[in-house]
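All remarks here apply to the structure that follows.
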Amino acid sequence: QVQLVESGGGLVQTGGSLRLSCAASGVIDYINNMHWYRQAPGQQRELVATITSGGSTNYADSVKGRFTISRDNAEKTVYLQMNSLKPEDTAVYYCNADIWGNKRLINYWGKGTLVTVSS
């Protein structure tokens with residue numbers, strides 16, 4: 001079975017930085033796109049950033065210039081470097097990935113890590 005486990009969340013002041021990590025484990029042949037989503041209280045889950053298997057990236061307008069997504073294919077890990085954090089970045093951050101294993105492509109979610117930005 002495949003698992004995605006996030007880490008790195010916590011409490012930070014406005015203007016601070018955090019680095020989130022998401023490690024994939026289990027029966028994995030190949031990882032396609034990897035994503036970070038977030039969900040703030042009372043709001044819908046939104047896509048924050050995407051990185052393809054080739055390293056191309058895309059970001060939500062709200063985080064462009066402040067967040068950077070990267071991946072280490074050997075470690076099966078995706079990262080989200082978050083700088084210049086704002087109170088509106090407060091949310092549970094979820095890792096999501098399209099993973100080939102046992103000849104099947106399945107989309108997986110992590111359980112999330114909470115980021116709280118104080119004003």
Check: [Y] main-chain N/O paired with [X] side-chain donor or acceptor under 3.5 Å:
| X | Y | value |
| --- | --- | --- |
| R71 | T52 | yes |
| T50 | H35 | no |
| S84 | G15 | no |

Decide yes or no for [X] and [Y]: does some side-chain heavy atom of the first lie under 4.5 Å from some side-chain heavy atom of the second?
| X | Y | answer |
| --- | --- | --- |
| Y79 | T68 | no |
| M82 | D89 | no |
| S25 | V5 | no |

Group every Ile, Leu, Val, Met, Phe, Trp and Tyr by side-chain heavy-atom contacts under 4.5 Å, then state whether [X] and [Y] land in the same group.
| X | Y | value |
| --- | --- | --- |
| F67 | W36 | yes |
| Y94 | L47 | yes |
| Y59 | M34 | yes |

Measure the [atom1]-[atom2] distance between [X] and [Y] for me, rounded to the nearest 0.5 Å.
| X | Y | atom1 | atom2 | value |
| --- | --- | --- | --- | --- |
| S56 | I51 | OG | CD1 | 8.0 Å |
| E6 | N96 | CD | CG | 9.5 Å |
| Q3 | I28 | CD | CD1 | 10.0 Å |
| S62 | E88 | OG | CD | 9.0 Å |
| K111 | C22 | NZ | SG | 13.0 Å |

For the residue pair [X] and [Y], what are the closest heavy atoms and their distance?
| X | Y | value |
| --- | --- | --- |
| I31 | A97 | CG2-CB, 4.3 Å |
| L105 | D98 | CD1-C, 3.8 Å |
| T14 | S119 | OG1-CA, 3.4 Å |
| S118 | L11 | CB-CD1, 4.3 Å |
| A24 | I99 | CB-CD1, 4.4 Å |

- [ ] From the options T90, L80, V63, select the one residue that forms a side-chain contact (heavy atoms from CB on, under 4.5 Å) with R38.
- [x] V63
Task: For L20, the option from V78, I69, V48, T113 that meets side-chain contact (heavy atoms from CB on, under 4.5 Å) - done: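 Checked V78, I69, V48, T113 against L20; only one passes side-chain contact (heavy atoms from CB on, under 4.5 Å): T113.
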Task: Residue list, side chain to side chain contact (heavy atoms under 4.5 Å, CB included) with N83, at least two apart or on another chain - done: S17, Q81
Task: Those residues that, when tested against K64, pass salt bridge (Lys or Arg N to Asp or Glu O under 4.0 Å) (two or more places apart) - done: D61
Task: Contacts of type ring pair (Phe, Tyr, Trp, His ring centres under 6.0 Å), residue W109, not counting sequence neighbours - done: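 With sequence neighbours excluded, W109 shows a ring pair (Phe, Tyr, Trp, His ring centres under 6.0 Å) to Y37, given in chain and number order.
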